[in-house]
Amino acid sequence: MEASGMGGEGGCGKWGYIWAMWTTVFLHMVAILFFTAGFLLTRTELPHHSHCSDVSHSPCFSPLNNNGSCWTKPATNRLVLIVLDALRIDFVAPSTFFPESKPWMDKLPVLKNAASSRPLSARIFKAIADPPTTSLQRLKGLTTGGLPTFVDVGNSFGAPAIVEDNFIYQLVQNGKKVVMMGDDTWTQLFPHHFQTSYPYPSFNVKDLHTVDNGCIEHLLPSLYKEDWDLLIAHFLGVDHAGHIFGVDSTPMIEKLEQYNTILERVIEVLENQSGPGSSHENTLLVVMGDHGQTLNGDHGGGSAEEVETALFAMSFKKPHSSVPPEFDSSSCQLDLDGKNVCVSTMQQLDFAATVSALLGIPFPYGSIGHINPELYALGADSWNLDASQKLSESDIWMQNYVNALCINSWQVKRYVDAYSASSAVGFSHDDLSRIAGVYTQAENHWSHSTKKLLLDRQNDSDILVPALKRQIDAYFKFLTIVSELARSKWTEFDLNMMGTGIGIMLISLIFQVFTILRANKKHAVMLSSSEDSWIITGSIFTIFLLGIRACSFLSNSYILEEGKVANFLLSTSGIVTLRQSVIQGKLLIESIGFLILSTFCRFAIEVGLSKQAATSAFMKDYTSWIINIASGLSVWDYAAEVVPMVVLILLAAWLYRVTSGSFFNWPWKYVILGTILCYVLIIVHWISDSDRFGGPLMPQSIGKTYIPRIIYAISLGQLLLLAFGQVFKSNSLDCKTILVAKTTAVLSAWSSTVILLSGKQGSIVAFASIVGGYFIMKFVNIEDGKVGSCRSFSIMQWSLFATCLFFCSGHWCAFDGLRYGAAFIGFEEFVLVRQAILLAIDTFGFSIILPVFGLPLLVATKYQADVGKHFIFTQLSKMYTTYGLITAITTTFTILCVTIHRRHLMVWGLFAPKFVFDVFNLILTDVLICLASIYYFDQGKEVPELK
């Protein structure tokens, strides 16, 4: 047998073994950059802005030179906009609107009481947001009237200024003054638009009070001032309470009760100054959420909980008659106090156009929403009745509304034409023909019928009102068609870029396969017929399992059940191994144990799925499902606290025993001793944080803050020590022995941080990973041959087991599967890079970091110490390439899935998050493989090469 490896001959050293891995990571990065550039493009943003004079080109009545109004008659002079971030509809609507009453409901009674006592001047809306439901996209959509796309999720960490036309810009251009306080995202989006601003940092999700306290400090005093036309106050406490504690939590309820008190004071101030000639005589109050949130407190996707938010609007003028029933979307219920409360429905897409019409400013150029009739009706009393016409207030409102809709439809049609002319894709010819036909029909009805009736002041309501309603229906039809087409075809996917990315990914797969085949050819081994049969069988099953797993990503149902699918395939591989064990008559206990472990993983995944379903029992600072398995019984509660500590003690004892080996010298021995110290500190951290052991043993600042920081420092020091130890090459030990020592040391160095961030289930999952890894290492030796190929079947089992650990530790491939609380263990303040690193370690510690660095054990346990350094390094290189190939194939199928389903209803809610997670998984795996190759492919006593 040849001893030289994949490029290892010829004096290339360790780089001869690892050049293929670095080439692979380069190809993957280039492929992903190309695909992402094509998939996550924003729509074309036109640089045009609306102007007051533009309306003269429309067929509608122009209010120019009429009391300083612009496109429409102003219905309100001042607007108070209070944004309560992540305001769910069931925070505002009475609990009687929902099948079951929950603790967080009915905590904002001031809003429902106002809507009940003043139904003509105060309304509650269920406002439907368009995904993605992150704050940046929603604020952008609310102010521009357009449809933001998924790419802006990445910009949520550093929002760029909005250059597209928006109603904030229009207010400033038309001489209005805007004051802002709260979430600093507003100042990033509109850096030069505010007369006065009081921004506060928004990204520290553990801080529930700084932003809110800043709003409270400035909001009430600002209401007494007259230096603004739009006042914005953006509160963040509910959003942050949801992220950290969940919806069903005491901090959430306390926040809602605090908001109720604040809103009571705001309404009181506005009412006291709403008399004739007072500063708030014609002020409109809007309290709204930018998006909803799941019961876990997360958002970003397109589920009902995430897109359904609340909007409350209240006018302080004398109420007018009700909106015509044809335009009233409300449904009414009696609340717990027996009061009748109505809740209407609107689209957030319509907010920009409606606010612009109420304030009398030009509509944003790119707005595609329509003026909501119920919200617009709150300003109807500001228009004086024409004494020459015998019309009711409702009829006067309808006249103004139909003219506003005429301007609204003309503006949308103008934008559609400009967008299609300037965009590379735009709407199709058939779509444009359909839009043009419907608009022409509505415009003809306006020009030949409605407009003439409005000009003839002798018509009474019996003639005029039916014509107005038909005209409104025609405009509604046009505006609805445009918004539906925009939602279905808005994102301009660059298929050439996406295709290039897929092509480079396929090239990388071919390159990886070629690298593996080249290594096999260099180390061809003569095998017995039984060995040859098992290798063929194992290879077939490897391809079979990998094919099923990869193809499952083409279905949204299987993506939702990915953890169960991976566990099923892992159990299938265990049955195949059990069959071979029975045939060979050995490793029966290990095979049965592996199946039992797989069953345990299935149970843990089921518990994780129940967390995904957002049962409130799982809302902890850093989630630990082991505590919630049998809550309620004191014996189980104590066991759930004690068992993780006992398991951690056992792990520490095992590591201490490992250090007794004579080959564990410097620096490996000291690294492992450092890990044992970290385990002790973790136990102290858990005890100090528990209320079941007679209270804290030390001040919380030490137990919750300084101990985790000490653990992080020790872990970092261990990794630096191992890196520094690479400088000192030791040839006193054989390559296999050094490989075992280095693997054990680096795994122990990573383990303490991973366990700490994972919560109390961390030690349980760590123990399960050791047991599962031990079984898979034993299965490598299921044949008697001393040398042979490092079989792909065991690597496939290793990969499936790593995937199961991801779901066992309480994660899933969605943004609400991220445990944000873990990023703040040991820290209160927010630093983006630091918190991102901690969150990545928590999310991928058990599924990527530890499995990648533990892979060499499959090689070290298979071969004897005398097979030669080059042979082991070649096998190790081939094993890492195979493991990377498995990850790359599954990621490629995810990319294909996203490409196929790019127009699917769940593309942004399910497929895009899955794409982001898998791409990050692939790149992190590739990078760690490269780092591991530098760490492992070195040192060791040379042995005479086998021929």
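These numbers come from the heavy atoms of this one structure, side chains and all, not from hydrogens, waters or symmetry mates.
Taken from CZ in F793 to CD1 in I540, the straight-line distance is 11.5 Å, to the nearest 0.5 Å. One distance of note links CE of M879 with CG of L858; it measures 6.0 Å at 0.5 Å rounding. A distance of 8.5 Å separates CD1 of I516 from OG of S792, quoted to the nearest 0.5 Å. Separation of atoms CD1 (I889) and OG1 (T894) is listed at 12.0 Å; rounding is to 0.5 Å. Between L818 atom CG and D842 atom CG the span is 8.5 Å, to the nearest 0.5 Å. Distance CH2/W19 to OG/S933: 13.0 Å, rounded to 0.5 Å.
For F801 and F775, the gap between ring centers reaches or exceeds 6.0 Å. Under the 6.0 Å cut-off for aromatic ring centres, F779 and F594 qualify, their centroids lying closer than that.
Under the 3.5 Å distance criterion, with hydrogens and angles disregarded, no donor-acceptor pair is assigned to the side chains of E590 and T577. Between the side chains of T753 and S715, at least one donor N or O lies within less than 3.5 Å of an accepting N or O.
Residues passing the ring pair (Phe, Tyr, Trp, His ring centres under 6.0 Å) test with F844, sequence neighbours excluded: F920. Contacts of T843 classified as side-chain hydrogen bond (donor to acceptor under 3.5 Å, both in side chains), with partners at least two apart in sequence or in another chain: none.
The backbone N or O of L570 sits nowhere less than 3.5 Å from a side-chain atom of S598 that would complete a donor-acceptor pair. Side-chain atoms of T882 come within 3.5 Å of backbone N or O of K878 as a donor-acceptor pair. Of the possible polar contacts, one joining the T890 side chain to the T887 backbone as a donor-acceptor pair under 3.5 Å is found. Within the 3.5 Å criterion, the main-chain N or O of S748 finds a donor-acceptor partner in the side chain of T675. The backbone N or O of P851 lies less than 3.5 Å from a partner atom in the side chain of W798, making a donor-acceptor pair.
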Legend entry - Trace of the ring pair (Phe, Tyr, Trp, His ring centres under 6.0 Å) decision for F853 with Y935: CA-CA 10 Å; F853 282 105; Y935 174 68; 7.0 Å; no

Legend entry - Chi angles and distances behind the side-chain contact (heavy atoms from CB on, under 4.5 Å) call for F35, I504: CA-CA 9 Å; F35 184 86; I504 297 175; over 6 Å; no

Inset, instruction - Apply side-chain contact (heavy atoms from CB on, under 4.5 Å) to S752 and I714, showing your working. - result: CA-CA 9 Å; S752 53; I714 293 175; over 6 Å; no

Inset, instruction - Mind running side-chain contact (heavy atoms from CB on, under 4.5 Å) on T24 and T881 for me, showing each step along the way? - result: CA-CA 9 Å; T24 299; T881 305; 5.7 Å; no

Inset, instruction - Give the C-alpha distance, both sets of side-chain angles, the deciding distance and a yes or no for side-chain contact (heavy atoms from CB on, under 4.5 Å) between R549 and T803. - result: CA-CA 11 Å; R549 174 160 164 72; T803 302; 3.4 Å; yes

Inset, instruction - In sequence, state the C-alpha distance, the side-chain angles, and the governing distance for S751 and Y679, and then conclude on side-chain hydrogen bond (donor to acceptor under 3.5 Å, both in side chains). - result: CA-CA 9 Å; S751 65; Y679 287 176; 2.7 Å; yes

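Here the closest non-hydrogen pair linking A888 and L509 is CB-CD2, 3.5 Å. Residues L805 and F846 approach most closely at CD1-O, 3.6 Å, considering heavy atoms. Residue V25 comes nearest to C930 through the heavy atom pair CG1-SG, 4.0 Å, listed as atom of the first residue, atom of the second, then distance. Nearest heavy-atom pair, G674 versus Q718, reported as atom, atom and distance to 0.1 Å: C-NE2, 3.4 Å. Minimum heavy-atom separation, L800 to A566: CD2-O, 4.2 Å. Smallest separation of non-hydrogen atoms from L546 and I886: CD1-CG2, 3.8 Å.
Inter-residue side-chain proximity for N921 and F806 is flagged as unmet; no heavy-atom pair is nearer than 4.5 Å. No side-chain heavy atom of F807 sits under 4.5 Å from any side-chain heavy atom of H811. With a 4.5 Å cut-off on side-chain heavy atoms, M505 and L922 count as touching. Contact of the I575 side chain with the R579 side chain is not registered, since no non-hydrogen atoms from C-beta on lie closer than 4.5 Å. When side chains are defined from C-beta on, V919 does not count as touching M29, because their heavy atoms never get closer than 4.5 Å. Here the side chains of C813 and E562 are in contact, with some heavy-atom distance below 4.5 Å. D918 has its side chain within reach of F553: a pair of non-hydrogen atoms, C-beta onward, lies under 4.5 Å apart. Taking the side chain as every heavy atom from C-beta outward, F915 and T36 approach each other to under 4.5 Å.
F873 and F937 have tilted rings, their planes meeting at an angle from 30° to 60° on a 0 to 90° scale. In this pair, Y880 and Y936 present their aromatic rings parallel. The plane angle is below 30°, not in the 30 to 60° band. Using cut-offs of 30° and 60° for the angle between ring planes, the F600 and F603 rings count as tilted.
Atom CZ of F511 has more than 12 heavy atoms from other residues, nucleotides or ligands within 6.0 Å. Taking a 6.0 Å sphere around CZ of F541, one finds it holds 12 or fewer heavy atoms contributed by other residues, nucleotides or ligands. The environment of CG in L33 is crowded: more than 12 heavy-atom neighbours from other residues, nucleotides or ligands sit within 6.0 Å.
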